[in-house]
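This chain uses plain numbering: 1 for the first residue, then up along the sequence. For ligands, and for the atoms within them, numbers begin at 1 and follow the listed sequence.
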Amino acid sequence: MYQKNMLIFSVETSCDETSVCIMKEDKTILSHIVYSQEIHKKYGGVVPELASRAHLEILQNITKKSLKESGIKLNKIDLFCATCGPGLIGGLLIGSTFTKSLAIGNNKPFVPINHLEAHLLSPFYNNKISFPHISLLLTGGHTQIYFLSNINQIKLIGESVDDAAGEAFDKVAKILGLQYPGGKEIEIRAINGYEKKFILPKPMIDKNNFNFSFSGLKTSVNLITKKNNLNDTFVNDMAASFQKTISDIICIKIKKIVKKLLQDNINISSLSVVGGVANNKKINDELLNALRNYNISLLKPPKFMLTDNAAMIAWTCISKYSTIKGDINFKPNPRLTI
Ligand code: KG4
Ligand code: ZN
């Protein structure tokens with residue numbers, strides 16, 4: 001199926017972003033549209049059924065729009081790809097079925113893409129990364145740490161045993177009466193808050209592994225909030241204290257990993273942070289500080305590849321899968337792993 005200067009059409013629908021991208025094999029983006037569904041705001045979280053219906057409606061419109069703005073005819077696309085998991089099954093089915101039909105209609109291959117792998121490969125778009133490499137994946141559904149020997153050998157070395165970091169941000173925002181998605185809202189409120197105001201728990205930091213637990217942190221915020229007035233000062237202080245605590249937990253675990261690698265004589269020169277939560281400035285600043293002493297640089301994807309997007313799906317297809325056969329029969333899997 002390989003030919004030079006291929007044109008890739010990609011689709012992302014695993015949660016509440018509906019996104020399409022047309023990318024050239026040399027990674028030039030001809031069109032990239034990300035539509036963040038607004039409908040979930042009033043429910044304080046993603047409603048899967050509504051997300052599926054919205055994907056169905058939006059996908060056809062943004063596909064037409066992206067073909068128009070790129071000036072590309074559908075029959076000129078060489079390869080079609082879509083997120084096939086993990087994620088919400090309704091969205092995955094809609095995105096993959098839609099994309100498979102385009103592939104069949106145009107007699108071109110369909111390539112299934114793993115959403116987590118796409119987040120992990122996103123910093124390779126704008127950085128030269130040497131191996132071995134550590135990647136910290138912080139999304140709404142996952143908090144995981146991977147050891148990359150190369151892009152085909154990716155090993156999970158730690159993860160959250162309960163809530164993901166993004167989920168914790170979203171749930172705490174809801175407790176504090178802030179809008180969904182909560183990460184950005186907490187970050188804004190934290191600017192005017194006092195981060196030492198509340199001492200919150202840091203579960204599992206003394207455990208001799210690289211796993212996380214965030215659900216106790218959320219429960220603690222809930223208990224304190226119930227005993228207080230939800231005024232601006234309280235919300236700002238709690239947002240700042242929560243954000244500081246979650247940054248501390250992440251940095252403590254990352255330092256543990258770096259120390260273990262040094263003990264084992266494994267040298268890494270960089271660590272990447274990916275996923276929606278990687279937008280958070282406090283987490284970035286604390287990670288930079290934590291890594292500085294070890295001479296390890298912190299890498300990130302371009303900003304448009306942090307939150308869910310179809311560009312990282314096309315990029316993953318180009319980086320890893322453009323030379324292998326497509327798989328039109330691949331069944332979307334909500335629990336797909338790497
Ligand atoms: O990677 P992503 O777009 O979707 C998943 O794959 O889950 O991540 C979404 C998550 C949400 O939980 C959102 O609240 C969080 O990323 N997020 C943030 C920030 N911006 C988005 N969390 C903390 N600070 C932010 N600035
Ligand atoms: Zn994601």
Considering both backbone and side-chain atoms of N280, is one of its nitrogen or oxygen atoms within less than 3.5 Å of a nitrogen or oxygen in ligand 1?
yes
Give the atom numbers and elements of ligand 1 that come within less than 4.0 Å of a heavy atom of H119.
1 (O), 6 (O)
Look only at interatomic distance and state if T307 has a nitrogen or oxygen under 3.5 Å from any nitrogen or oxygen of ligand 1.
no
Establish, from distance only, whether the side-chain atoms of E195 and S241 form a donor-acceptor pair under 3.5 Å.
no
Between P181 and ligand 1, does any nitrogen or oxygen pair lie at a separation below 3.5 Å?
no
Near the Zn ion (ligand 2), which protein N/O/S atoms fall under 2.8 Å?
H115 NE2, H119 NE2, D308 OD1
Mind listing the closest non-hydrogen atom pair of I151 and E117 along with its distance?
O-OE2, 4.4 Å
Please confirm whether the ring centroid of F98 lies under 6.0 Å from the ring centroid of F9.
no
H115 near ligand 1 by a heavy-atom separation under 4.0 Å:
yes
From atom 8 (O) of ligand 1, work out which of G182, G276, G141, A164 has a heavy atom at the shortest distance.
G276
G183 to ligand 1: N or O pair under 3.5 Å?
yes
What protein heavy atom sits nearest atom 14 (O) of ligand 1, and how far away is it?
D170 OD1, 2.7 Å
Once the angle between the rings of F131 and F124 is folded into 0 to 90°, is it parallel (under 30°), tilted (30 to 60°) or perpendicular (over 60°)?
parallel
Can a non-hydrogen atom of H142 be found less than 4.0 Å from any atom of ligand 1?
no
Atom 15 (C) of ligand 1 [closest protein heavy-atom partner, distance rounded to 0.1 Å]:
V277 CG2, 3.9 Å
Side chains of N289 and E286: any donor to acceptor distance under 3.5 Å?
no
In this structure, which one of N333, L92, N114 forms a side chain to side chain contact (heavy atoms under 4.5 Å, CB included) with P86?
N114
Could you walk me through whether F169 and F242 pass ring-ring contact (aromatic ring centres under 6.0 Å, His included), step by step?
CA-CA 8 Å; F169 268 97; F242 165 77; 5.1 Å; yes
Return yes if a side-chain donor-acceptor contact under 3.5 Å exists between N309 and S19, otherwise no.
no
Show me which atoms of ligand 1 lie under 4.0 Å from any heavy atom of E187.
25 (C), 26 (N)
Could you tell me whether the side chains of S31 and E69 share a donor-acceptor contact shorter than 3.5 Å?
yes
Below 4.0 angstrom from a heavy atom of G166, which ligand 1 atoms are there? Numbered from 1 as shown, please.
12 (O)
State whether the number of non-hydrogen atoms from other residues, nucleotides or ligands found under 6.0 Å of N229 atom CG is greater than 12.
no
F212 and F214 aromatic ring geometry - parallel, tilted or perpendicular at 30°/60° bounds
parallel
Here the atoms of ligand 1 under 4.0 Å from any heavy atom belonging to G140 are 5 (C), 7 (O), 8 (O), 9 (C), 10 (C), 12 (O)
Is it the side chain, the backbone, both or neither of K281 that has a heavy atom closer than 4.0 Å to ligand 1?
neither
Identify, for atom 3 (O) of ligand 1, the protein heavy atom at the shortest distance, and state residue, atom and that distance.
D308 N, 2.9 Å
Got a salt bridge between D170 and K174, using NZ or NE/NH1/NH2 to carboxylate O under 4.0 Å?
no
Does the side chain of T307 come under 3.5 Å of the side chain of N279 through a donor N or O and an acceptor N or O?
yes
S269 and S130 side chains, donor-acceptor separation under 3.5 Å:
yes
What do you reckon, does G275 have a nitrogen or oxygen under 3.5 Å from a nitrogen or oxygen of ligand 1?
no
